[in-house]
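Quick note on labels: first sequence line is chain A, next is B, and so on, each numbered from 1.
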Amino acid sequence: MKARAFSYVRPVTIAEAIDAFAAAGGEASYIAGGQSLVPALALRLQAPECLIDIAHVEALRGIERQGGRLRLGALTRHVDAHDDPLIARYAPLLHLAAPHVAHPAIRNRGTLGGSVALADPASEFPAMMLAMGAEMEIAGPEGTRRVPADAFFQGVYETAIEPGELLVAFHIPVAGPHHRCAFDELARRRGDYALVGCGVMLAMPGDVVEDARIAFLSVGPTPVRARAAEVALLGSRLDEAAIRTAQTALAEDLDPTDEAHVPATMRLHLARVLLGRLLGGLGAAT
Amino acid sequence: MNAPLGALDRPNSYIGRSVSRPNAKRLLAGRGRYVTDLVLPRMLHAAFLRSPYAHARIVSIDLDEARAMPGVRLIATGADLAKLCKPWVGTLDHFKGMKSASQLPLPVDEVSWSGQAVVAIVAESRAQAEDAAEAISVEFEELPVVSDIDRAREAGADRAASTIEDNLCFTSRLDTGGIDEIFASAFHVVEEEFHFGRHTAVTLEPRAIVADWDASEGKLTVHHATQTPYQFQDLYARHYSIPEVNVRVVAPDIGGSFGMKLHVYHEDMAVIGLSMLCGRPVKFVADRIESFVSDIHARDHRVHARMAVDGDGTILAMDVDDVTAIGAFSTYPRTSAVEGNQVIRLMGAPYRFRNYRAGLSVVFQNKVQTSQYRAVGHPIACAVTERLVDMAAEKAGLDPAAMRERNLIADDAYPCDSPTGYKFEALSHQESLTKLKALMNYDALRGEQAALRQRGVHRGIGIASFVEISNPSPAFYGIGGARISAQDGALLKMTPSGEVRCLISVTEQGQGTETIIGQIVADQLGVAHERVRVITGDTEVTPHGGATWACRGAGIGGETALQAARKLRGNIMSLAAAILQAKPGELDMRDGVVVDALSGAERISLAEIARIAYFRSDTLPPDASAQLSVAHHYAPQGYPFAFTNGIQGCHVELDAETGFVKILKHWVVEDCGRIINPLLVDEQVRGGVVQGLGAAFFEECLYDENGQLTNGSLADYLVPMACEMPDIVIGHIETPTADTALGAKGCGEAGTAAASAAALNAVNDAMSPFGASIAQIPMTPARLLKALGTI
Amino acid sequence: MSATHPVSLSVNGEQISRLVEPRETLADFLRRDLQLTGTHTGCEMGVCGACLVLMDGRPVHACLTFAVQASGAVVETVEGLSESAEIADLQRTFHERNALQCGFCTPGMLVSAHGLLTRPGVPSREEIRDALSGNYCRCTGYEAIVDAIETVARRRSAGERAARFLEEPA
C-alpha cells in the first residue's frame, strides 16, 4: 500500500501555488493536512504527478472576526474548530461538530479547507458550512471569487472549485446570542462516518423561530439543506407539533439512496429521529 | 516439593501471583522486534498481483513491461513456484469423507476468490514492487461464482473449484436416537434459525515473513510472525524438500495472532520459493487491504436449532443443523472443518440433557478460506444454546437464571460426558452461576430494569454459560495425520552465575506465556523470578513442541516447565548434597540459596554451586554428577481435552428509535483451573470478551453477489474500539485439573466463547416489550430496526 | 521513480537531514531511514493509530504525512519520549496494570495518552476512552489501558511524576 511516485513542491504564496498547478499541466493535487488525500494516494485511487503542499501559505491561515463575518483561513485545523474561542462563539456549529470528526490525531492535522474542498457527503464540516450559510473564498488564475455554500456543493466530491483553483477561506455569518445551535450524529462507533448527522441553527430572538437553517450529512450525494423542514419551523415555538411537522417534511428534503446494508428508509427514519431530538433539545433549552 | 502448589507463603511462591511481564518493558519503550521491523542485508520486498475476480480461469499473463520496471529483481507465477513447492491438501484423516482441492503457493490456471495472489513481484522496495504489479496484465476468463450456501449444495451446482466434484467439503452427523419422538411429545419446543457473520482476526500487526535462503549452506531461515514455528519448520522442509535440520523458523515479537497466524498462507509459502529463486532474503508484509482478502476468515454459520423442554423447564433435547461456508479450499494443515465440528459438539455442553441430534455441512464457495480463529466454534454453539435456553425459559415461565439453575450440570456430577461425546473431568457451572448473580447483583438489576421500562428506557440483561475446549491431546490433530504436536519441550540451563535460562517450545504473542513459564520455573526451583530468563520462538534453540494455540500455553507449556524445573531442582539438590556432605532431603532451596530445610539456615548459594560445577569440578566428589542443564517433554495423557467453564452476563441499553445499543457493563465468571497469574488471566478474559462483543455488534465481512468483499478495509470493517466497549468485571473459580501437577487449564478463549451469546440474550431481553427478537450477529442498527418493525 | 527531495527535521531532539522520495510517508521514513521501528504501521490509512508520533507537540499519524511535508517540523517518537522520560509514568503504569499484550498498538496508545494528559484537567474515563477512539487494540479490551491512563492522570494532578522507566546502567 504505497503511493505511486510524484514530485513535490512547497509554495509559500497563493500565486505560487496556482502557478505550480499550471506548471504541472494540471496533473497535480493540493495537499494541506492530507488526512483524506494520503490514504487515497496510498491506495492508488489517486495518482497525481505533483503534490503541491499549501500548508506553508500564510495567506491561507487565520481566524478573525470581520464585521458580521468570521473569516477562517482554509488551513484552520479541525482541532482549532473545537478549541478556538472565536469559533466557539461565532460559529458554534463547527465547535459542536468538531469532536465528531474522526479522531484526535486526525483533527490535529486535518484542515477545514481540505475537508470542505473534498466535500465528502458524509463529512461534518461541509454540512455545517451549509447550515451556517458560509461563503467560500476561492482563488484561481483569474483572481478570487466567493461562492455561497448553497451553490458550492454540486455532487459527490464535486464542488464549485475548478481544477487549479484553491480554497482560501470561509466567511461565516456570525452567530449571535439569539441563535440556538445544535449538532449530533448517529455513528456506529465514535469518529466513524455517521449513518446520518445533522446541524441546526435557529434564529430565536424570543421564543419564536424567525429563521432556521438545517443541514444533513450522509443522506445524499452532497450535504443537504432541509428546506422544507426549515420552513415548517418558521414562526413556531418549537413545540411538539412543529417538530413533528419538520420531521415529516424531511421526506421532501432528503432522498437517500438504498444501500446493501443501509436501506434508504432507515436513513430517512434516523434523520427524523435525530432532527426531532435536536429540536427537542433546543426547545427545552429556553 | 514440600509446599502445595498455589501457597503464597514461600519466598519464591509465584504460582497464583500477579507478576508484571518482564518482556513488556521493551514493548513499552518502542524496542519490540517484530518481523515487520526486520531488515536483513540485501533484503528484497515482495508484492502480489491479486485476482479481481472471485472465480476465473487464468488465460494469459504478460510480464514483459513489469520485468523492465526499476528495482524489479524477480517476477514469479504459479508455474514457476510449482517447480519448487509440493502441493498441499487441507484434510484430516479422522474427518471421514472430507475433501478439498489441492493447493499451490500461486494458482496455475484458476483463481477461486477475489484477492487471491496470482503473480509475485520481488523488488528493491515494496513501492517498486507495487509499481511493477500495476504493469502486469493478466487475462482472466470469468467463471460462475459460488456464494450462496444452499445453491452450492444443489445437484449439478457450479463448483467453487474445478478440481473438486462438488461443493461439499465435509458432513457429519451426531444422533443419540429417538429425537423426533422426544420433540413430538415435549411440553414446549423452541426453535430458531441463527445467522453468524463472517469475521476475521484483524491482528494489529499484519502477517509478516522474511525468508532467507542461503544456497551455500542449503539452509533456510524464516523470520515469521507465527504462533507455531515448529509446525512451519516441518511444512517448509517437506514442501520445499529441504532437510528439516536445515530449516530454522524464528518467531520474534508478534503483533497479535488469535489463531490467525498458524495457518498456511499462499503468500507465505510463495515467499520461501521467492527467496530460493533470488538467493536473497525476501520480505512480505501483508498490508491491511491484503489482510482482509487473504487472512483466514471465521464463523459464517447458519444454524437451524430447536430445543425440547418439559413442563417444568427441564431441557430434554436439542436438534441442530449447521451449515457453514469455508471458501474454495479447506485451510492447511488444520482444515476448515474444525469449527463446524466444534459447533455441533459444543452445543448444550453446560447442560444436563442427554438427547441430541446434529447435522453439519461444510460447504465450498468462492471466498477467502475460513479456519481456526479464537474460540473456534464456541461462540456459535454458545449463542445457539443460550438463546434457546432463554426462549425455553420464557415458555416455561422461568427467569433465565432460574432456568439455568435447573438445567446446568450439578457441580458434584463429575466426571461425566456430554451427549456429543466430550468427557468432562470437573466443571463448576452452578457455582459460577451463583457467583455471577452476586457479582451482577442480578435481582437488583432486574428490579431496575422493570422500573426503567416504565420510563421508556429499555435495558436488557443476558447471561450465557459456556464450556471452553483447551489443551488438546494428540487425539486431535495427531490422530488426523497432521504433524501438529500436542506435546511441548523445555530446556532448563543453570548459568555459571547461578541464574536460569528456560528455552521452551510454547510461544509468546503478548498473552504472557514467557512470564508464567518464568513464574513456574522460579517457583519450583526456589529462585527469584528475575533470575529466570525465558526464551521462546526459535526452532534452532528450543525443543520441538506444539507452541501456542487452543489455550495450551499454561496447561501444557506450564506443566512442561514445572516438570523440567523439578528435574533441574533434583539435580541441583543432589549436587548440593554432595558438596555439603548432606542428604538431599535435609536441604531446601529458597531465594537462590540452598538452606537447611528445618532451620532455614543458609548452606550454599546457587551461584556457588554453579561456580564449583562449571569451573572447579575437580573439587567435586568423584561420584557427583553436575547435570545443570535438563531437557524435558510433556504431553497430556489423561482427558483428551482440559475443558474449562464459566458464565457471562451482559447489560445493554437499547435505543429503540435508532436501533443503537450501548453496552453498559459485562461480567465474567470463569474457571480455568489453577490460576498462575491473575493479572494476566483477567486481561486475557477481557480481551476475549471484547472480541466477542465485536462479533455481536460490529464485525462482519460483507460480500456482494459477485463474491467481492465490500468492506475490506479497517475503515469499513468495524472492529471494537475503546468508546463502545464496557468495563468488564471478572470473577474466578478454581477447579484445577488432576491430570497435571500444575492443575492449569486454558483461559484465552473463555471471553470470546460466550460474550456474543450474552449480548444476544441481553438485546433480545431489551426488545421483549416490543415483541421483537433477533437471531443474527452482528446485531447492527439496521437489523435491530428491522426486527423492531421500524423499517 | 521520482527524484529525491531534501528534508530536514528534528527527530527526538536530533537534527536530521536526508534525501527522500516524496512518496515516502513519515512512518516509513522513521522506520526505514532512521530505524525508529517503535512507530508501527497497522493500516497505512490513518485508522488504527499504531503510527502516532508527536509532530510539533501534537499526536499525528505518521502514515498520513509524507516525510517531505514534515521538513522543518519537530517530531518525537516513542523512542525519544522514552529516553527523555516524559512518559515514564505512563510506561510504568501500563506495565504494572498489564495495559498491553502484543505491544503493537502500545506506542500509539502512549502518544495518544500523552497528548491527552498534556491538556489541562483530569480526564474522566469517558474522556480517556474518547481520546483513544482512534487507537485500535485487539488484545486488551481497552479497560486496562483506560485504568492506566486514569491512574497517571490522578497521580499527575497530585504532582507525582515517575523519574524513569528505562533501567539506568548499573
Side-chain angles (χ1 to χ4, degrees), chain B residues 18 20-21 24-34 36-37 39 70-71 125 127-128 131 201-206 253-258 285 287-289 509-512 679-680 682-691 693 713-715 719-728 751, chain C residues 1 21 23-24 28 31-32 35-48 50 77-79 81-83 90-92 94-107 110 125-126 128-146 165-167:
Chain B
S18 288
S20 293
R21 291 163 45 212
K25 293 186 83 171
R26 69 167 181 271
L27 306 180
L28 280 157
R31 292 186 61 94
R33 285 293 171 266
Y34 301 87
T36 39
D37 300 334
V39 177
S125 75
Q128 288 175 325
D131 292 345
V202 201
T203 58
L204 188 48
E205 184 191 32
D253 291 326
I254 292 169
S257 53
F258 316 112
V285 178
D287 67 30
R288 185 57 59 188
I289 304 299
Q509 295 85 37
Q511 61 278 72
L679 179 71
L680 303 188
D682 283 1
E683 297 319 312
Q684 275 297 295
V685 172
R686 287 200 173 93
V689 164
V690 164
Q691 288 190 15
L693 294 176
S713 89
L714 204 49
V719 290
M721 300 294 284
C723 284
E724 291 72 35
M725 290 298 115
D727 282 344
I728 299 160
Chain C
M1 191 166 92
E21 254 198 292
R23 66 163 150 179
E24 186 172 24
D28 285 346
R31 291 174 51 76
R32 192 168 70 180
Q35 291 92 50
L36 290 167
T37 53
T39 299
H40 298 150
T41 54
C43 71
E44 297 180 276
M45 57 188 295
V47 188
C48 77
T77 70
V78 68
E79 291 92 342
L81 292 168
S82 296
E83 282 159 21
L90 278 166
Q91 289 167 313
R92 191 176 294 277
F94 267 58
H95 188 234
E96 286 164 359
R97 182 59 190 85
N98 198 33
L100 71 156
Q101 290 181 30
C102 81
F104 208 75
C105 75
T106 307
L110 290 170
R125 288 180 76 79
E126 205 164 296
I128 294 169
R129 285 187 181 273
D130 193 61
L132 302 178
S133 68
N135 288 88
Y136 172 50
C137 169
R138 191 53 145 177
C139 300
T140 64
Y142 302 104
E143 185 173 337
I145 297 170
V146 176
F165 175 69
L166 304 183
E167 303 286 339

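B:E205 touches chain C through backbone and side chain together, each having a heavy atom under 4.5 Å away. Both the backbone and the side chain of B:L714 come within less than 4.5 Å of a heavy atom in chain C. Residue C:E44 touches chain B through its side chain alone, counting heavy-atom pairs closer than 4.5 Å. Residue C:D28 does not touch chain B at all, counting heavy-atom pairs closer than 4.5 Å. Looking at B:S713, the atoms closer than 4.5 Å to chain C (heavy atoms on both sides) all sit in the side chain, from C-beta outward. Of the atoms belonging to C:T41, it is backbone heavy atoms, and not side-chain ones, that fall under 4.5 Å from chain B. For C:S133, the parts lying under 4.5 angstrom from a heavy atom of chain B are both the backbone and the side chain. Residue contact with chain C, scored on non-hydrogen atoms closer than 4.5 Å, is absent for B:R31. Within the 4.5 angstrom heavy-atom criterion, no atom of B:V689 approaches chain C. Residue contact with chain C, scored on non-hydrogen atoms closer than 4.5 Å, is absent for B:D682. At a 4.5 Å heavy-atom cutoff, B:L693 makes no contact with chain C through either its backbone or its side chain. For C:L132, the parts lying under 4.5 angstrom from a heavy atom of chain B are both the backbone and the side chain. If you measure heavy-atom distances from C:R97 to chain B, the contacts under 4.5 Å come from both the backbone and the side chain.
Rounding to the nearest 0.5 Å places CZ of B:R21 at 8.5 Å from CG of B:L28. Residue C:F94 holds its CZ atom at 7.0 Å from OG1 of C:T106, rounded to the nearest 0.5 Å.
Judged as a side chain to side chain contact (heavy atoms under 4.5 Å, CB included), and not counting sequence neighbours, the contacts of C:T37 are B:R33, B:D37, C:R31. Legend: residues meeting side chain to side chain donor-acceptor pair (under 3.5 Å) with B:E724, ordered by chain and number and at least two apart, are absent.
Between C:I128 and C:Y142, every side-chain heavy-atom pair lies at or beyond the 4.5 Å cut-off. Counting heavy atoms from C-beta outward, C:R138 and C:Q101 have side chains that stay 4.5 Å or more apart. Looking only at side-chain heavy atoms (C-beta outward), C:C48 and B:L204 come within less than 4.5 Å of each other.
Ranking B:V690, B:I728, B:I254, B:T203 against chain C, the residue ahead of the rest is B:I728, based on heavy-atom pairs under 4.5 Å. Interface summary for chain C: among B:P206, B:G512, B:P720, B:G688, the most heavy-atom pairs under 4.5 angstrom belong to B:P720. Contact tally against chain C (heavy-atom pairs below 4.5 Å) for B:L679, B:V202, B:V719, B:V285: the top residue is B:V202. Taking chain C as the reference chain and counting heavy-atom pairs below 4.5 Å, the highest number among B:A722, B:G510, B:G687 is found for B:A722. Across B:A127, B:S125, B:G32, the residue that shares the most heavy-atom pairs under 4.5 angstrom with chain C is B:A127. Contact count against chain C (heavy-atom pairs under 4.5 Å) is highest for B:T36 among B:D253, B:T36, B:D287.
Ring geometry, C:F104 versus C:H40: the interplanar angle falls under 30°, so the pair is classed parallel (tilted spans 30 to 60°).
Under 4.0 Å is where a charged nitrogen must lie from a carboxylate oxygen, and between C:R129 and C:E126 no such pair does.
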